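Below is one structure; the comments refer to it alone.
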There are 2 protein chains.
Amino acid sequence: MEKQTITIYDVAREAGVSMATVSRVVNGNPNVKPETRKKVDDVIAKLDYHPNAVARGLASKRSTTIGVILPDVTNAFFASLARGIDDVAAMYKYNIIMENSDESIDRKLEVLENLLAKQVDGVIYMGNSIDDRLRDAFKNTKTPIVFAGSVDDKKAMPSVSIDYKEAVKNSISKLIETGNKKVAFVSGSIEEPVNGKYRLAGYKAALKDNKIKFDESLVFETARSYDAGIKIASEIASSKATAAYVSDDGIAAGVLNGLTDLGVKIPEDFEIISSNNTDITKMVRPQLSSVVQPMYDIGAVAMRLLTKLMNGEDVDERNIALPFEMVFRQSTKD
Amino acid sequence: MEKQTITIYDVAREAGVSMATVSRVVNGNPNVKPETRKKVDDVIAKLDYHPNAVARGLASKRSTTIGVILPDVTNAFFASLARGIDDVAAMYKYNIIMENSDESIDRKLEVLENLLAKQVDGVIYMGNSIDDRLRDAFKNTKTPIVFAGSVDDKKAMPSVSIDYKEAVKNSISKLIETGNKKVAFVSGSIEEPVNGKYRLAGYKAALKDNKIKFDESLVFETARSYDAGIKIASEIASSKATAAYVSDDGIAAGVLNGLTDLGVKIPEDFEIISSNNTDITKMVRPQLSSVVQPMYDIGAVAMRLLTKLMNGEDVDERNIALPFEMVFRQSTKD
DNA sequence: CATTACCATGAATACGTTATCAAATTTAGA
DNA sequence: TCTAAATTTGATAACGTATTCATGGTAATG
């Protein structure tokens, strides 16, 4: 019962045609007489032949594989994006090589190199952080790359996301409208352009519109996790802020529960608006009001954009901003 | 600025050696004089040469890629496993091709075929469901496969998980001890051996130990999602059960909140024990008591086991059961 | 110093496809 | 029926690397 890998040669011999012909029927090339196609198909079925994708990749220079770089699948936001990506990738017969990069830039570079060595046809980057080395690496490859759920602050790379500045501006404005004078901004690493540039800009813009002076001490930077949210809750409590925008649902849940445990009443004493509208926002009590990012769609559209780029089609809009919404639940006053 | 892919030939010529030698230094083959190694390394750096993993895969018949089949990354349980897998995979220089299979067996078969065509060196299966066609497919390939966080009820495949039967038995026993006469069993698809065979067996065993008759109407089968949990809460409420074991944290959160919304007091009127101890169990109020599965470790150990299998090492134990614990929070009486 | 063993290298081939180009066959047109 | 134009097919050369296997050189042995 030796496992004998059977190749295109075997089916060619068995079907009495050349391997070129077999290759043609396997690839659906129309230039092959229906009857020989049938003959070959029969042999393929009989021998249970499966084309070797690696050899195919070497010969055709296309791997039908795309690389996905994300900080951490364990985060619901990234997982949802990944799901959207995978679904449309499957639709186009692409496979996904997924790599968790965490926050380290070095790791991201290593991961990217890996993916390129594997000859991926394209890559989707949701790493958030970016620096010049990485930007160079992106620029130096002819492999198409698109950012998903994150933006290159220099707009050099194709991307799909929402208008983060506007989303935060809306959130903050809403909080100010309901009477809050001191609104906190709590986010993941400020190093990430999404946070440090776009979201923060939205925060400042809203303050400015409402003639409130920006107060550095109301900006809270933290790790992207529930526990980190819990931890930072006390700092927030003692800051005299009466409301907060939070850039991640996990963090927001932590802040919410942390505050509640400190005796702060939500939303009476403190209002919260979160960012991703994952299930977390509905599981928690009181339920979190949130920006609604179409996460699955961001992933799906990013993947679709990537297919176009890989096909060399030219796209009119390289930086796509999908519409976002707001949903108000129990963590804000009406 | 034509992007010229540079090959092993280029560095061979530039370094004045043969490509075989270059191949040797790239692969760390000891049989090469230190000085020529240095020379080659320098040229590699100078030309910024990167080996083509596809060609390498074809020549060596190893892709340094492993396939991961999971129902849905979006579920925190699977995401955690995947993270464990990816981390140790990275440690061993493997990459992960991830495929979401949902619940469909056909899709799983398709996905498996895909992965094998890509010449993955091994696959990790967390699909839960399995039938004869799939079992055959697994058997007919020489590619090592290990189950993670799920078990083949015929024990034919290597696996790493916890003792699901025992975990549920413990949970149910605890609930009975605190005075519950009617304890519900709510799980995802009963078709899945994890649920329909192991967990349910644990449930029945606990009942039997306590001389309680098994009551079919206390078994609730549902989709694996928060919303599904919410939906089934009312059915559970009207079943007269006063406690439940729930096989998934998302479902459990739904049941908890659904019940609470119906005016049921947790844990006074109704106790709940969940299964995975993801962050969800801590986010929710009251916090959920839960079985503690070492999810990350299950993934990590599964991947480690796979590396051994891929190396042809023989392993003493092909079906590994990692220890589990219980954590009691606010959804159970003490 | 002659012989053996070993070490470092290179030449050539295999890996399983796709792609190119020319040859062979069929079909259409006159 | 003959010729030109399609249509199908096959031989062969990539694709970029790992892996024999043979060879020349070097060190160890007697």
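Here the structure is a predicted model, which is why all the values come from computation and not from measurement. Here is how names work: the chains are called A, B, and so on, in the same order as the sequence lines, proteins then strands, and each is numbered from 1. Just so you know, these numbers use all the heavy atoms, side chains as well, and skip hydrogens, waters and symmetry mates.
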Find the distance [X]:[atom1] to [N]:[atom2] and express it as a whole number of Å.
X	N	atom1	atom2	answer
Lys118(A)	dT17(D)	NZ	P	15 Å
Arg13(A)	dG16(C)	CZ	P	13 Å
Asn52(A)	dT18(C)	CG	P	10 Å
Arg62(A)	dA19(C)	CZ	P	7 Å
Asn27(B)	dT19(D)	CG	P	7 Å
Ile44(B)	dG16(D)	CD1	C1'	14 Å
Asn29(A)	dT17(C)	CG	P	17 Å
Ile6(B)	dC15(D)	CD1	P	14 Å

query: Less than 4.5 Å apart, any side-chain heavy atom of Met91(A) and any of Met303(A)?
result: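 Counting from C-beta outward, Met91(A) and Met303(A) never come under 4.5 Å.
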task: Answer yes when Arg224(B) and Glu192(B) have at least one side-chain N-carboxylate O distance shorter than 4.0 Å, and no when they do not.
output: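 Here Arg224(B) pairs with Glu192(B) in a salt bridge, since their nearest N and O are under 4.0 Å apart.
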query: Are any of the side-chain nitrogens in Lys38(B) or Asp42(B) under 4.0 Å away from the carboxylate oxygens of its partner?
result: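 Yes, Lys38(B) and Asp42(B) are salt-bridged.
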Does [N] have OP1 or OP2 under 4.0 Å away from a side-chain N or O of [X]?
X	N	answer
Arg56(B)	dG16(D)	no
Lys61(A)	dA14(D)	no
Ser23(B)	dA18(D)	yes
Thr5(B)	dG16(D)	yes

message: side-chain hydrogen bond (donor to acceptor under 3.5 Å, both in side chains) for Ser159(A) and Asn319(A)? Distances and angles first, verdict last.
response: CA-CA 5 Å; Ser159(A) 66; Asn319(A) 294 97; 2.9 Å; yes
Output one line per pair: protein atom, nucleotide atom from nucleotides 9-13 of chain D, and distance, for all N/O pairs under 3.5 Å.
residue	atom	partner	partner atom	Å
dT9(D)	OP2	Lys33(A)	N	3.1
dT9(D)	OP2	Thr36(A)	OG1	3.4
dG10(D)	OP2	Ser18(A)	N	2.8
dG10(D)	OP2	Ser18(A)	OG	3.2
dG10(D)	OP2	Thr21(A)	OG1	2.8
dG10(D)	O6	Arg24(A)	NH2	2.6

Side-chain donor/acceptor of Asp131(B) to backbone N/O of Arg133(B), under 3.5 Å: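 Indeed, once roles are kept as given, a pair shorter than 3.5 Å links the two residues.
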query: Are the side chain of Lys108(A) and the backbone of Asp102(A) linked by a donor-acceptor contact shorter than 3.5 Å?
result: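 Here the side-chain-to-backbone pair exists.
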Shortest side-chain distance from Ile8(A), nucleotide among dT17(C), dA19(C), dA18(D):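 Closest of the options to the side chain of Ile8(A): dT17(C).
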- request: List for me each residue that meets salt bridge (charged side-chain N to carboxylate O under 4.0 Å, His left out) alongside Asp297(B), sequence neighbours excluded, and say none if there are none.
  value: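 Checked Asp297(B) against salt bridge (charged side-chain N to carboxylate O under 4.0 Å, His left out); zero matches.
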